[in-house]
Amino acid sequence: MFDLEPGTLITVITILVGGIGMVLGAILPAVVEGRAVLRALDGMVRQPEVANDLRNTLIVSLAILETTAIYVLLVIFVIFFANPLLDRFFPAG
Amino acid sequence: MDEIIPKVSFYVFGVPVRNTVVGTWITMVFIILGVWYVRRTLPTALVMLIDFVRDSITGIMGSSVQADRYIPFLGTLVIFLLVANNIFVIPAIATPTMDINTPLALSIVVFFAVHYFGFREQGILGYLKARASPLLILDIISDVSRTLSLSLRLFGNILAGEVIVAVIYRLVGPLAPLPLIVLSLVTGVLQAYVYFVLTANAIASAVVRT
């Protein structure tokens, strides 16, 4: 694999890293968000009178947890569409 | 992928104007027309929305007197973001928040507004005294990272929606991305709400008297 041309090698590694990174970046926030929802639902069932408070906090914290996945996505956008390494080694392409 | 990258539409005296800036202007026109319409008719749905925003700020700030002082700022944010995140349902208009510059500008405004409100509420000396502690360096780091995370969160969510719609359109064809557009609408409203709640929390932590 490593006797490829440098441009091809960088592209291949970029695609591999993008795929693996997106998989990990989707799985981990999903698991953590699932736990957060679970605990919030537990609380809502136990004390229905604070369900509104819990729901608002839950939505905000879910959005914050989701941000980690969004960061991964942004990094992958950067290495896919504006790869700094490709620009450095091959200024034309 | 050319649809999702902001393009230069035209030049004004040599300054490039991107299509997301044009989208911002159209957003402003929509908001101004909406305000003019609301002033004349006062629809119930909008009154409920405003009440919801007010209740949320009251819940975060603790008292309604305190909350009323920040409704102009936070309300402007939430109205602008609600319209701007969802303007893409009109064809050929670029979402303003799809360009990193719009969320970044909003976050810088929030950064300065938080400190301004802190100064206004506690006085310059009082605010400095409240901030002066061994944790000052952590405060500064959290200020900067809050600005970054607010802007990147909004930008990433909106951009992700646009990219998915563009990819499905390219792969499948017209009408196929409709469910994803609905998902983008939900995401836009949710992100406007999240941005608003986090800003309100930051202001609340700055103006609280210690």
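Here is the naming used below: chain letters follow the sequence lines, and residue numbers restart at 1 for every chain. Hydrogens, waters and symmetry mates are skipped; everything else that's a heavy atom, side chains included, is used.
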I'd like to know whether [atom1] of [X] has more than 12 heavy-atom contacts from other residues, nucleotides or ligands below 6.0 angstrom.
X: R120(B); atom1: CZ; result: yes
X: L175(B); atom1: CG; result: no
X: F10(B); atom1: CZ; result: yes
X: Y116(B); atom1: OH; result: no

Task: L74(A) side, atom CG; I100(B) side, atom CD1 - distance, nearest 0.5 Å - done: 7.5 Å
- [ ] Measure distances from L190(B) to the heavy atoms of chain A and classify the residue's part below 4.5 Å as side chain, backbone, both or neither.
- [x] side chain
Open item on the list: Taking side chain as everything from C-beta outward and backbone as N, CA, C, O, which of these in S149(B) sits under 4.5 Å from a heavy atom of chain A? Side chain, backbone, both or neither.
Closed with: both
Task: Heavy-atom pair of closest approach, residues G156(B) and I70(A) - done: CA-CG2, 3.4 Å
Open item on the list: Could you tell me if the side chain of L159(B) sits less than 4.5 Å from the side chain of L73(A), heavy atoms only?
Closed with: no
